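Remarks on the structure that follows.
If you're wondering where the values come from, they're calculated on a predicted model, not measured in any experiment. Chain letters run A, B, ... following the sequence lines, proteins first, then strands; residues in each count from 1.
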Number of protein chains: 2
Amino acid sequence: MKNLPHKTIERLSQYRRALLICAAKGKTHIFSHEIAKIQHITPVQVRRDIMLIGYTGTLRKGYNVQELIDLIGDIIDTKEGLNVAVVGIGNLGHAMINYFNGKRTKLSIVAAFDNNPDKIGRVFSGVRCYHIDEMAGIIKQDNISIGIITVPAGSAPEISEKLVESKIKGILNYTAKPVNVPNQIYLEEYDMITSLEKVAFFVKTHISDNS
Amino acid sequence: MKNLPHKTIERLSQYRRALLICAAKGKTHIFSHEIAKIQHITPVQVRRDIMLIGYTGTLRKGYNVQELIDLIGDIIDTKEGLNVAVVGIGNLGHAMINYFNGKRTKLSIVAAFDNNPDKIGRVFSGVRCYHIDEMAGIIKQDNISIGIITVPAGSAPEISEKLVESKIKGILNYTAKPVNVPNQIYLEEYDMITSLEKVAFFVKTHISDNS
DNA sequence: GAAAAATTGTTAATTATTTAACAAAGAGTT
DNA sequence: AACTCTTTGTTAAATAATTAACAATTTTTC
Ligand SMILES: NC(=O)c1ccc[n+]([C@@H]2O[C@H](COP(=O)([O-])OP(=O)(O)OC[C@H]3O[C@@H](n4cnc5c(N)ncnc54)[C@H](O)[C@@H]3O)[C@@H](O)[C@H]2O)c1
Ligand SMILES: NC(=O)c1ccc[n+]([C@@H]2O[C@H](COP(=O)([O-])OP(=O)(O)OC[C@H]3O[C@@H](n4cnc5c(N)ncnc54)[C@H](O)[C@@H]3O)[C@@H](O)[C@H]2O)c1
């Protein structure tokens, strides 16, 4: 059960988000095909994911919404939660802090770092911005496990190195530049340009299919 | 050759970005293992992707950087380029426009839409914001093929419907709420919370592995 | 000029992920 | 009580993606 596929982890996070909305509406049970509809995937996929985490619904009644929320929480959350830092408080970094702030979750953005003197010491949506040189100290002091990189792409490798030196456990890199980290640090990268170009490619091929 | 794997498309976009940087530095040839190092994937993967697009390097010299850039362009770009619109000019939408603006590429953000009267008519980093009700008209008039959704999650389904009615060809949805679109429209969804929770999960399991 | 080293291109094998198939069982219906 | 419908849980099959293996060939070295 400890070896859940990466894709399953992603979907569990999404299921939970959908389930929380259902719970808020007072829905107590849900069928696999209902979850599937929301996520636009197949019901089999949903059942399989739920099987993998060892939960069992009731036949003809579906899954108990609250139980499933709790179980997903047991799997993807830590009891005490994890602390997160954002590095690079430009447009994207600021948007992230603002967005996450207020979402009740086990993950808290507790610090920000930048190298621009105008930003140091300021508080953005409740999160204080420190100078990048204070990183190691603050990460240790505040027990920060995850760093989100939103500096300009060119500075990403340097920042990633600093995060590694600061003993970060996981990195989420939003710049267009891939970074290298030691194996024991979990790295997730996402590049918006790539996504947009991917959409463009499939739009292009669809268009030429139809004509 | 028309049936390239989705993952290959994504990597081609990334290779090109890296190659452009190499070209700018005056590098004329590159080996598969060099590209692989940059993207932290295996050289085999690189060679396989390049094989799939039908390009051939020279033995012992590697790939011609400019030729490869051009070929990737032939595959993922359209000759005339495609126009893009952003719907929802809040923090994220604004960040996107600002970021893409100035990047020379075949994709141009040419319009923005919002329902907040304070934003209508304003120009954000060179892109004019229109009222959401004008969407169908502007999309047709400006020949916009791709819509990026950055409204609050709750409004995503409604916006996606409007985009579909406006005959959009592809949608990139950055809200946490999955949307449903007809089959012939290409949909790409990305949810930052999911990514962060995924990192958190693997950080958690690594931590408990080590202790 | 023969041997060694490096590098591509491609087929085959492996691994990961999704989908299909279907038995089992609860709930309603006649 | 038998029958039908629905829905879960799970195994098996199919599909997608990655990695390994290696022949072929060019360059360099001796
Ligand atoms: N804005 C977007 O929507 C968007 C979209 C796709 C990708 N990105 C990526 O996100 C990154 C940031 O984008 P942005 O639009 O927020 O840029 P930005 O220029 O607005 O912000 C960058 C911030 O990083 C800080 N910074 C620069 N160098 C630094 C360093 N060495 N150490 C610490 N801080 C440093 C700057 O002071 C600034 O505050 C870029 O790499 C870009 O690739 C952004
Ligand atoms: N900001 C981030 O870093 C971030 C991170 C993850 C996800 N997101 C997603 O991006 C979306 C936007 O985030 P944000 O931080 O930019 O929010 P925001 O509130 O700053 O911006 C939302 C914008 O959409 C406009 N809007 C609202 N309803 C609309 C409607 N019906 N039609 C047209 N326009 C409408 C608002 O006027 C506002 O300008 C959210 O759904 C969120 O899930 C944002």
Task: Residues in side chain to side chain contact (heavy atoms under 4.5 Å, CB included) contact with P157(B), at least two apart in sequence or another chain - done: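 For P157(B) the side chain to side chain contact (heavy atoms under 4.5 Å, CB included) partners, ignoring immediate neighbours, are K177(B).
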Open item on the list: My understanding is that only residues two or more places apart in sequence, or in another chain, count here; which of them pass side chain to side chain contact (heavy atoms under 4.5 Å, CB included) with Y174(A)?
Closed with: L92(A), M96(A), I148(A), T150(A), L172(A), Y190(A), Y190(B), M192(B), S195(B)
Report all side-chain donor-acceptor pairs from residues 78-86 of chain A shorter than 3.5 Å, counting only partners two or more places apart or in another chain.
from, atom 1, to, atom 2, distance (Å)
T78(A), OG1, G81(A), N, 3.2
T78(A), OG1, G81(A), O, 3.4
N83(A), ND2, D142(A), O, 2.8

Open item on the list: Which heavy atom of A156(B) sits nearest to which heavy atom of N173(B), and what is that distance?
Closed with: CB-OD1, 4.5 Å
Open item on the list: Looking at every heavy atom in both M135(B) and L163(B), which two are closest together, and how far apart are they?
Closed with: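 That would be CE-N, 3.5 Å.
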Take the protein atom [atom1] of [X] and the nucleotide atom [atom2] of [N], then report the distance between them rounded to whole Å.
| X | N | atom1 | atom2 | value |
| --- | --- | --- | --- | --- |
| L59(B) | dT27(D) | CG | C1' | 9 Å |
| F31(A) | dT6(D) | CZ | C1' | 8 Å |
| R60(A) | dG9(D) | CZ | C1' | 16 Å |
| R47(B) | dA20(D) | CZ | P | 12 Å |
| K61(B) | dT28(D) | NZ | P | 10 Å |
| I35(A) | dT7(D) | CD1 | P | 13 Å |

Polar atoms only, N or O, under 3.5 Å: list the protein pairs with nucleotides 15-19 of chain D and their distances.
from, atom 1, to, atom 2, distance (Å)
dT18(D), OP1, R11(B), NH1, 3.2
dT18(D), OP2, R11(B), NH1, 3.0
dT18(D), OP2, R11(B), NH2, 2.9
dT18(D), OP2, Q45(B), NE2, 3.3
dT19(D), O4, R48(B), NE, 3.1

TODO: Could you tell me from which nucleotide to which nucleotide of DNA chain C, 5' to 3', there is an atom under 4.0 Å from chain B heavy atoms?
DONE: dA5(C) to dA12(C)
Please tabulate, one pair per line, all N/O donor-acceptor pairs under 3.5 Å involving side-chain atoms of residues 48-63 of chain B, not counting sequence neighbours.
from, atom 1, to, atom 2, distance (Å)
D49(B), OD1, T8(B), OG1, 2.9
D49(B), OD1, R11(B), NH2, 3.1
D49(B), OD2, R11(B), NE, 2.6
D49(B), OD2, R11(B), NH2, 3.4
D49(B), OD2, Y15(B), OH, 2.6
Y55(B), OH, N64(B), N, 3.4
Y55(B), OH, E67(B), OE1, 2.6
T58(B), OG1, G62(B), O, 3.3

- [ ] Mind checking the CD1-CZ spacing from I193(A) to R16(B)? Nearest 0.5 Å is all I need.
- [x] 10.0 Å
TODO: Look at the side chain of S108(B) and the backbone N and O of V110(B), then say whether any donor-acceptor pair between them is shorter than 3.5 Å.
DONE: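 It does not hold such a pair.
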